[in-house]
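What you are looking at is a predicted structure, and each value in this text was computed from that prediction instead of being measured. Order of appearance sets the numbers: ligands from 1, and atoms from 1 within every ligand.
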Amino acid sequence: MENSGSIRQTVEQELENIRFIDIHTHLFKPSLGALGLWGVDELLTYHYLEAELFRSCDLKPEQYWDLSKPQRAQAIWKTLFVENTPVSESARGVVAVLNAFGLPTEGKEALAEARKFFAEQKLEEHIGRVFELAGISEAVMTNDPLDPNEAPLWEAGTSEHPLFHAVLRLDRILEGWSENWRHVEAKGYKVEACLSGKVLAEVRRFLSDWCVRMRPVYMAVSLPDTFQFPEESTRSHLLSNAVLPVCHEFRIPLSLMIGVRRQVNPAIRLAGDGVGKADLRSLENLCRNFPNNRFLVSLLSRENQHEFCVLARKFRNLMPFGCWWFLNNPSIVEEITRERIEMLGMSFIPQHSDARVLEQVIYKWRNTRRTLAPILANTYSLLVEDGRTVTREQVRADITRLFRKNFENFACINCPIP
Ligand code: FIX
Ligand code: ZN
């Protein structure tokens, strides 16, 4: 390929042909039942859209929360899709999903028609169709061993599903030990609020038992912008003496998602979280002090991204991934992805969907392909200008590395189970 036109066409074709692994979602395999959200009412009551609703109507949050789910969806459809033009990233996403299924995307009647369509779908085959439309082969879940609705399903034994991988989510342990240690104790582990050597050994046993039960591809935690390591804290002790040793034993990475300011506005619930710039010295200390652990990391603040790339150049056990949450907008995805390629080559994971509702993967991955095509094409055009030829095989290998192999290798997906 010599000219930019043929390069762009080849990049678009290879992006279209390759099935990606979605490495962080809030989707659930069918055997986890009602935890899995799908259909138009769930799409419309996505917390991203709830935040936008309150900016465009007189409904007060407390009035909104008193409504039923269908009534909330109706309020959002009326406000953001009928009375206003759905131009935000999240609102346009709903339009793209309805359009992908050949459903009407505007007017008062469109919601009723969409509801009828989704009510007719059988979940198992619907999942397959949605993943095909999204161009993904698998989705990685978020699974909480202390969630009162989810844990019993795993403890009773759930069936594996070829399209879903599990993740052991640690927020209630690492961020809420003082109020949650009793739930760990209730499951038969001799733990208490204070972290003695014996208690830490029991926490390791709890984590190991859940790794055997869930077979997670990584452990994960979402951390505030104020996260510090090391520090004299329960979280720091649990990380050093329980979580990281068990991750190492099971050869899985620890995913750190850093920078959330939880409940900036509690009145709007899940939509009320904000963002703050993190101190990356803490991440640097973790990567340096635990060279045999692997850290799969996403940072929420745009202001952290350049320093993040520099840090990733220093530590091969640090894998940057995704343009997370408030960063998952084309204008910012472009900036972040270009600086990652310029500093890290193809040794990072560009995106995840963070989908909470099944059909969101359709628009989130279409947007990723649409945003990345010119970035990758420009990358190869510069290389041609500077004296290298670029082949379709190289483009295919690079995209496969970005959206599959970097994760498979880093998470040791194909390693023998310890
Ligand atoms: O901690 C997380 O996994 C975040 O992604 C969520 O808490 C957040 O609500 C979200 O869905 C962002 O996209
Ligand atoms: Zn998430």
Visitor: Between D354 and W325 (side chain of the first, backbone of the second, donor and acceptor by atom type, cut-off under 3.5 Å), is there such a pair?
Guide: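 Side chain of D354 to backbone of W325: no pair is present.
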Visitor: Parallel, tilted or perpendicular: which describes the rings of F20 and F403, with under 30° parallel and over 60° perpendicular?
Guide: parallel
Visitor: Any idea which N/O/S atom from D354 gets closest to the Zn ion (ligand 2)?
Guide: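 So the atom name we want here is OD1.
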Visitor: When the ring planes of F407 and Y218 are compared, do they come out parallel, tilted or perpendicular, using 30° and 60° as the limits?
Guide: perpendicular
Visitor: Determine which of the N, O or S atoms in H24 is closest to the Zn ion (ligand 2) and give its atom name.
Guide: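 The closest N, O or S atom of H24 to the Zn ion (ligand 2) is NE2.
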Visitor: With respect to I362, which candidate in N367, L133, N99 satisfies the side chain to side chain contact (heavy atoms under 4.5 Å, CB included) definition?
Guide: L133
Visitor: Answer with yes or no whether R262 contacts ligand 1, where contact means a heavy atom under 4.0 Å from a ligand atom.
Guide: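 Under 4.0 Å: yes for R262.
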Visitor: More than 12 heavy atoms of other residues, nucleotides or ligands under 6.0 Å from CZ of R338: yes or no?
Guide: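 It does not: R338 CZ has 12 such atoms or fewer within range.
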Visitor: Just need the protein heavy atom nearest to atom 5 (O) of ligand 1, so name the residue and atom and give the distance.
Guide: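 I find the closest protein heavy atom is D354 OD1, 2.9 Å.
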Visitor: Run the numbers for me: atoms of ligand 1, each under 4.0 Å from some heavy atom of H26, listed by number.
Guide: 2 (C), 3 (O), 4 (C), 5 (O), 6 (C), 11 (O)
Visitor: Which one of H352, R356, R169 has a non-hydrogen atom at the shortest distance from atom 2 (C) of ligand 1?
Guide: R169
Visitor: In ligand 1, which numbered atoms sit nearer than 4.0 Å to a non-hydrogen atom of S222?
Guide: 1 (O)
Visitor: Using heavy-atom distances, let me know which of Y46, Y48, F326, W325 sits nearest atom 8 (C) of ligand 1.
Guide: W325
Visitor: Distance under 4.0 Å to a non-hydrogen atom of H24: what atoms of ligand 1 satisfy this?
Guide: 3 (O), 5 (O)
Visitor: How are the rings of H352 and H24 set relative to one another: parallel (under 30°), tilted (30 to 60°) or perpendicular (over 60°)?
Guide: tilted
Visitor: Does NZ or CZ of R269 lie under 6.0 Å from the centre of the six-membered ring of W65, at an angle within 45° of the ring axis?
Guide: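 Yes.
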Visitor: Below 4.0 angstrom from a heavy atom of W324, which ligand 1 atoms are there? Numbered from 1 as shown, please.
Guide: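 Selected atoms, number and element: 4 (C), 5 (O).
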